[in-house]
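Take a look at the structure set out below.
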Amino acid sequence: MDAVNDRESEIALLVSSASNHHDNSWIDIPSSSSSSTPTWTYDVSLSFRGEDTRRSFVAHLFRALRSKGIYTYKDDQRLEKGKSISPERLQAIQESLFSIVIFSKGYASSTWCLEELVKITECHEIIGQSVLPIFYDVDPSDVRKQRNSFADAFAKHERDHSPEKVQKWKEAMSQAAGISGWHSCDFADDDEFIEKFVQDLHSRLHQFEQPPGEHNLVGVGSHTEEVISLMDLRSPEVRIVGLHGKVGIGKTTVARALFDRLSDKYEAACFLDDVGQISQKHGVDYLQEILLSEMLKLRNVKIRSTSEGLSMMARRFRHLRTLIVLDAVDHANQLEALAGKRNWFGGGSRIVITARDEELLSKYGADGTYKVYGLSYNQAKQLFSLHAFANRTPGAFRKSLGGPICSICRLPSSIKVWASLVRGRDIAWREVTFNKFNNLSFKFSSSKNVRFLKLIVLSLSI
């Protein structure tokens, strides 16, 4: 089986070389019009009374959201006195996946906030936007029923605005405040409140979005489940798990899918790509700097030596429950510099390593290893169809070289390269090439697949 995989890798390189003779502008899969593509501009939009919370709670919340990579709209240019709410602000609300409404004592006194609230409730009703109310030092029932400071604010509005407009504001407030939300009095302080809130929001966002290319993953789910089983997520111990297999077999894809699925469940997480190559080019201390920056959420951490990096990791990670993925490791010194010892990490931490060499993983003391195998014929067919036609089961598969190719090639990387040659070609080209393939296949026995496929590459490059 390994010999077959090695031949496939060689074939993939040949096909890739042949494809360079053609216009390659069509090789990448275009984004389809399916629902997998997000339609929002912002992850969240904040609605708040600036005089109450801008320099305190909102400032801390905004920083926490940004540190988690949550793209947030916060109107810092608003001048609430004597000006109408801007069209840009209303558009930002509409283009946000979540609206966070921070009800404070002075919220209802701002006509800007009330106009925002009307827009938010409209988006909630019409396009299904998620609304997250935060009740900051106010009683939710006071907001919902417009009592105390909220009653005073609306009494003033009734003198200055039409009854219809005021009624619209009241209805929007009752509706938004009626949604289950977060109450500041339930937490010891703002820091605890914000930490819990942002963690919850991060998990909610993860349910809405797919990592880039996840809708194009084929055969990854079963691998991911096997690795998760080895990780034993319920164990309070630090566990190390390794994935091994041939180049192009899909180890990185499985590890990335695993990371995207689990990373938000840890206090700190980092995925280091292509460790072997980057270490060779820039040094292992460069990777240590990236790891420390990502895990500690610091900008541009600099270290003077690998030993300094080791000392800093041992000191700063020991209380953190972490998830670290080290991809494409090819030498023991990389593991020593980036994963160190188990007691460097907090209880429940998990380290996932991908490598070609299973022995490297065993020598490091992995608690479990998993071999990533090639695709089945049906999986190969799905992957080919996705990359050739952006569809798992297109009718064009039969006369697109897909069948013969998928009967021979089972490495994801090889399938993708072959599919790139078919992508964008018209039916006539596919049928002519399919016939060429069949004619060639009658001239050689199955034991000469390498020679046979090289001839096909040459015929495609003409």
Side-chain angles (χ1 to χ4, degrees), residues 38-50 52-54 57-58 60-62 64-65 68 70-75 85 89-151 153-154 157 165-187 190 192-209 264:
T39 57
W40 55 86
T41 302
Y42 303 98
D43 293 322
V44 300
S45 173
L46 298 179
S47 177
F48 60 94
R49 174 63 163 147
D52 291 352
T53 57
R54 180 190 298 281
F57 180 78
V58 169
H60 297 310
L61 175 62
F62 183 67
L65 292 168
K68 282 288 188 180
I70 298 173
Y71 190 33
T72 305
Y73 183 91
K74 179 170 74 76
D75 189 355
I85 187 170
R89 174 64 184 122
L90 295 176
Q91 183 178 355
I93 292 172
Q94 184 171 320
E95 294 177 354
S96 298
L97 179 58
F98 284 83
S99 275
I100 299 173
V101 183
I102 303 170
F103 290 115
S104 58
K105 288 182 172 65
Y107 186 91
S109 65
S110 166
T111 57
W112 271 55
C113 290
L114 295 173
E115 288 295 331
E116 288 176 357
L117 199 56
V118 169
K119 181 65 174 180
I120 288 167
T121 54
E122 287 176 355
C123 291
H124 178 64
E125 291 178 346
I126 297 170
I127 62 175
Q129 183 184 80
S130 297
V131 180
L132 298 176
I134 288 177
F135 302 98
Y136 188 73
D137 285 341
V138 295
D139 189 325
S141 64
D142 285 351
V143 183
R144 190 166 53 253
K145 298 177 181 179
Q146 287 107 52
R147 297 185 307 208
N148 295 323
S149 65
F150 296 89
F154 278 109
H157 292 321
K165 177 169 282 192
V166 174
Q167 183 59 29
K168 196 173 184 179
W169 291 340
K170 286 184 174 182
E171 290 174 356
M173 179 164 287
S174 295
Q175 182 180 345
I179 299 171
S180 178
W182 294 68
H183 196 181
S184 60
C185 72
D186 292 335
F187 300 88
D190 284 359
E192 182 190 358
F193 184 8
I194 289 171
E195 180 184 354
K196 298 293 186 184
F197 178 82
V198 173
Q199 185 178 14
D200 179 77
L201 177 59
H202 191 274
S203 297
R204 289 174 185 250
L205 282 166
H206 193 66
Q207 295 171 8
F208 278 87
E209 60 198 11
D264 65 321

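Note that this is a predicted model, so its numbers are computed, not measured.
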Checklist entry - Can a donor-acceptor pair be found between the side chains of Q167 and E171 at a distance below 3.5 Å? => result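 Yes - a donor-acceptor pair under 3.5 Å links their side chains.
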Checklist entry - Regarding Y107 and S149, is there a side-chain donor-to-acceptor distance under 3.5 Å anywhere? => result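 No, no side-chain donor-acceptor pair sits under 3.5 Å.
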So, taking the atom named [atom1] in [X] and the one named [atom2] in [Y], what distance separates them when rounded to the nearest 0.5 Å?
X    : Y    : atom1 : atom2 : result
S47  : L117 : OG    : CG    : 6.5 Å
L90  : E116 : CG    : CD    : 8.0 Å
H202 : D43  : NE2   : CG    : 9.5 Å
L97  : C123 : CG    : SG    : 11.5 Å
L205 : D264 : CG    : CG    : 10.0 Å

Using the test ring-ring contact (aromatic ring centres under 6.0 Å, His included), find all partners of [X] that sit at least two apart in sequence or belong to another chain.
X    : value
F57  : Y136, F193
H157 : F154, H161, W169
F135 : F103

Checklist entry - Applying the side chain to side chain donor-acceptor pair (under 3.5 Å) test to S45, which of R89, Q94, E95, K74 qualifies? => result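 Result for side chain to side chain donor-acceptor pair (under 3.5 Å) with S45: R89.
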Checklist entry - Among pairs that include at least one residue of residues 132-146, which meet salt bridge (Lys or Arg N to Asp or Glu O under 4.0 Å), considering only residues two or more places apart or in two chains? => result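 Applying salt bridge (Lys or Arg N to Asp or Glu O under 4.0 Å) to every pair that reaches into residues 132-146, excluding sequence neighbours, yields D142-R147.
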Item to check | Pair listing, salt bridge (Lys or Arg N to Asp or Glu O under 4.0 Å) test, anchored in residues 118-133, at least two apart | outcome: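 Passing the test, one end in residues 118-133: no pairs.
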If the condition is side chain to side chain donor-acceptor pair (under 3.5 Å), which residues does [X] pass it with, not counting sequence neighbours?
X    : result
K105 : none
S99  : Q129
E192 : none
S104 : D52

Closest heavy-atom contact between [X] and [Y]?
X    : Y    : value
L114 : M173 : CD2-CE, 3.8 Å
Q146 : K170 : NE2-O, 3.4 Å
I179 : H124 : CD1-NE2, 4.0 Å
D75  : W112 : OD2-CZ3, 3.7 Å
P133 : V131 : CD-O, 3.5 Å
A172 : T121 : O-CG2, 3.6 Å

Next on the checklist: Could you check whether atom NZ of K168 has more than 12 heavy atoms from other residues, nucleotides or ligands sitting under 6.0 Å from it?
Outcome noted: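 Result for NZ/K168: open.
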Checklist entry - Do other residues, nucleotides or ligands put more than 12 heavy atoms under 6.0 Å from the CD atom of Q199? => result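 Count not over threshold, so no.
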Checklist entry - With sequence neighbours left out, what residues match D200 under salt bridge (Lys or Arg N to Asp or Glu O under 4.0 Å)? => result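 For D200, the residues satisfying salt bridge (Lys or Arg N to Asp or Glu O under 4.0 Å) (neighbours in sequence not counted) are R204.
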Is the closest side-chain heavy-atom distance between [X] and [Y] below 4.5 Å?
X   : Y    : answer
L46 : L61  : yes
F48 : I134 : no
L65 : V44  : yes

Next on the checklist: Check the orientation of Y42 and Y73. Use parallel for under 30°, tilted for 30 to 60°, and perpendicular for over 60°.
Outcome noted: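 Judged by the thresholds at 30° and 60°, the geometry between Y42 and Y73 is perpendicular.
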Item to check | G50 backbone acceptor or donor facing T53 side chain under 3.5 Å | outcome: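 No; judged by distance alone, with no hydrogens or angles, the pair does not exist.
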Item to check | Working for side chain to side chain contact (heavy atoms under 4.5 Å, CB included), residues I70 and L201 | outcome: CA-CA 9 Å; I70 298 173; L201 177 59; 4.1 Å; yes
